Amino acid sequence: MPELPEVEVVRAGLVRWVVGREIGSVTVGHARAIRRFPGGPREFEAALTGRTVRAAHRRGKYLWLPLSDGQVLLGHLGMSGQLLVAAPDTPAGRHLRIVIGFSDGGPDLRFVDQRTFGGLSVEPGGDGPDQLPASLAHIARDPLDPQFEETVFISRLRRRRTEIKRALLDQSLISGVGNIYADEALWRVGLHGGRPTDRLPVAKASELVAAIRDVMIEALAQGGTSFDSLYVDVNGDSGYFSRSLNAYGRGDQPCPRCGAPMRREPFMNRSSFSCPVCQPRPRKRAVTTRHTNDLRQACP
DNA sequence: ACATCCACCTGCTCGC
DNA sequence: TGCGAGCAGGTGGATG
């Protein structure tokens with residue numbers, strides 16, 4: 001379940017079902033699922049066994065669980081990863097990659113991942129939500145983080161020379177936003193994703209931040225966005241936000257605001273959806289390089 | 001430093 | 001029925 005609301009749904013499930021329990025056994029069924037962990041399967045299993053899970057934190061689309069020995073279990077769901085809570089006798093499905101069992105004999109935590117872009121790792125880290133594991137140092141705060149600073153984000157955004165949608169997907173600028181919520185937020189504020197970041201008015205950028213936050217909070221309230229059983233909470237249940245989407249996946253369907261047929265455009269080996277009327281494509285900008293811009297600023 | 005692109009995977013759907 | 005092409009919610013590392 002890969003964007004912020006879906007990952008937050010999983011985090012809440014981990015708090016409820018996993019925090020406070022002692023890990024009793026670990027089985028790595030597919031080495032690729034721990035490729036970010038340098039030690040390999042045996043060492044991974046040893047690093048977790050006997051440790052108690054103390055908390056479940058999230059930044060953007062990353063999750064981490066502080067353990068009782070100063071390490072953390074770090075996870076990313078990639079495109080198709082799931083963390084599921086399942087009774088120990090539940091049969092292994094085809095895409096089961098890692099099983100974490102607990103000393104209390106209660107339900108397992110299972111990492112299931114069809115496309116294997118996701119994975120788990122163990123690394124040093126503290127207990128608190130602001131003690132970020134070192135490998136997440138490049139991940140910016142997400143818009144639901146109480147310490148997210150809108151003014152800092154907007155000034156960094158406007159210093160970029162790129163397109164707004166590219167910037168929204170850049171997890172080092174703002175985290176948690178993916179293809180769905182980027183399209184939804186841009187639709188809400190009437191911006192085409194190709195608009196240049198450096199010419200976006202501050203007020204419009206501020207509206208965009210509010211729209212991102214709103215759409216994520218609304219999605220979270222409905223358990224996230226699921227088009228199929230690939231995107232589920234820890235109990236395997238789907239969220240309902242897909243029925244509230246206004247832009248994503250709606251190519252050729254009427255814009256919910258103005259009725260014009262929505263367009264689908266290729267974007268970074270994927271698709272972007274937008275309304276041709278509410279979100280006019282920007283005029284192609286004159287070719288200005290950083291160099292010419294610098295010259296312009298240097299000349300009063 | 002910054003911006004862009006592609007490899008990394010499996011499975012499903014579509015058109016021939 | 002088979003087969004290739006295209007598509008899917010993400011990211012890091014290579015390249016410019």
Side-chain angles (χ1 to χ4, degrees), chain A residues 1-10 30-38 58-63 74-82 93-97 111-121 134-140 142 156-185 193-194 196-198 212 215-216 219-220 222-233 238-242 244-245 247-251 264-273 285 287-291 293-294:
Chain A
M1 312 182 58
E3 297 184 47
L4 186 152
E6 294 76 37
V7 179
E8 176 60 22
V9 166
V10 171
H30 194 300
R32 193 174 144 76
I34 56 158
R35 67 194 178 287
R36 304 271 167 213
F37 178 77
R58 179 189 56 72
R59 173 171 290 195
K61 305 168 194 171
Y62 283 89
L63 290 165
L74 178 66
H76 194 287
L77 302 177
M79 290 283 265
S80 57
Q82 305 172 337
R94 196 214 294 238
H95 302 120
L96 180 62
R97 309 302 185 196
F111 182 66
V112 173
D113 190 7
Q114 179 197 107
R115 292 175 71 183
T116 71
F117 289 175
L120 303 182
S121 182
S135 64
L136 302 191
H138 64 295
I139 303 296
D142 62 63
R156 288 188 65 204
L157 177 74
R158 296 174 76 246
R159 256 181 273 138
R160 291 284 177 104
R161 293 187 56 82
T162 186
E163 299 173 356
I164 182 69
K165 184 165 174 183
R166 287 178 184 281
L168 292 182
L169 298 182
D170 182 342
Q171 306 295 301
S172 68
L173 243 192
I174 183 170
S175 69
V177 183
N179 208 26
I180 293 181
Y181 296 105
D183 278 7
E184 290 301 307
T197 46
D198 59 345
I212 294 168
V215 71
M216 285 181 166
L220 191 51
Q222 298 192 52
T225 301
S226 316
F227 299 122
D228 51 45
S229 58
L230 227 44
Y231 304 97
V232 294
D233 67 15
S238 294
Y240 295 101
F241 195 68
S242 62
S244 306
L245 296 175
Y248 185 83
R250 293 181 42 87
R264 171 184 174 280
E265 296 171 290
F267 172 76
M268 291 168 77
N269 288 330
R270 298 192 168 73
S271 300
S272 288
F273 299 90
R285 81 149 86 207
V287 180
T288 48
T289 62
R290 181 170 296 278
H291 178 64
N293 243 16
D294 289 348

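The model shown is predicted, which means the values in this text are computed figures rather than measured ones. Throughout, a chain's letter reflects where its sequence line sits, starting with A, and its residues are numbered from 1.
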Quickly work out the A:Leu96 CG to B:dT10 P distance and round it to whole Å.
-> 16 Å
Quick one: is B:dA3 close enough that its OP1 or OP2 comes under 4.0 Å of any side-chain N or O from A:Arg160?
-> yes
N/O (side chain, A:Arg35) to phosphate O (OP1/OP2, B:dC8) under 4.0 Å = no
Nearest-nucleotide pick for A:Arg161, side chain only, options being C:dC7, B:dA3, C:dG9 | B:dA3
At under 4.0 Å between heavy atoms, what does A:His138 touch on the DNA or RNA strands: base, sugar-phosphate, or nothing?
-> sugar-phosphate
Would one find a side-chain N or O of A:Thr162 under 4.0 angstrom from OP1 or OP2 of B:dT4?
-> yes
Would you indicate what A:Arg36 reaches in the nucleic acid, counting non-hydrogen atoms under 4.0 angstrom: base, sugar-phosphate, or nothing?
-> sugar-phosphate
Whether A:Phe117 stacks on the six-membered ring of B:dC8 base, 5.5 Å and 30° limits | yes
Looking for any heavy atom pair under 4.0 Å, which part of the strands does A:Phe241 touch: base, sugar-phosphate only, or nothing?
-> nothing
Say whether, by atom type as modelled, one donor and one acceptor occur between the side chain of A:Glu3 and the main chain of A:Gly178 under 3.5 angstrom.
-> yes
Remember a base hit wins even if backbone is also touched, and classify A:Arg94 as base, sugar-phosphate or nothing at under 4.0 Å, heavy atoms.
-> sugar-phosphate
Would you say B:dT10 has OP1 or OP2 under 4.0 Å from some side-chain N or O of A:His95?
-> no
Would you say the side chain of A:Ser80 lies within less than 4.5 Å of the side chain of A:Phe117, judging by non-hydrogen atoms?
-> no
With respect to A:Thr116, which candidate in A:Arg35, A:His95, A:Arg32 satisfies the side-chain hydrogen bond (donor to acceptor under 3.5 Å, both in side chains) definition?
-> A:Arg32
Have a look at A:Asp183 and say if it touches a base, only the backbone sugar-phosphate, or nothing, with a 4.0 Å heavy-atom cut-off.
-> nothing
Identified side-chain hydrogen bond (donor to acceptor under 3.5 Å, both in side chains) partner of A:Thr225 from the options A:Tyr240, A:Tyr181, A:Tyr248 | A:Tyr181
Please check the phosphate of C:dT11 (OP1 and OP2 only) for any side-chain N or O of A:Gln171 closer than 4.0 Å.
-> yes
Send over the distance from A:Ile180 CD1 to C:dG9 C1', rounded to a whole Å.
-> 5 Å
Return yes if the base of B:dA3 and the side-chain atoms of A:Arg166 contain a donor-acceptor N/O pair under 3.5 Å, otherwise no.
-> no
OP1 or OP2 of C:dA8 under 4.0 Å from side-chain N/O of A:Tyr248 | no
A:Ser229 backbone acceptor or donor facing A:Ser238 side chain under 3.5 Å | no
Roughly how far apart, to the nearest Å, are C:dT11 and B:dC12 at atom C1'?
-> 23 Å
Within the pair A:Ser271 and C:dA8, is there a side-chain N or O less than 4.0 Å away from OP1 or OP2?
-> yes
Round to the nearest Å and state the distance from A:His30 atom NE2 to B:dC8 atom P.
-> 14 Å
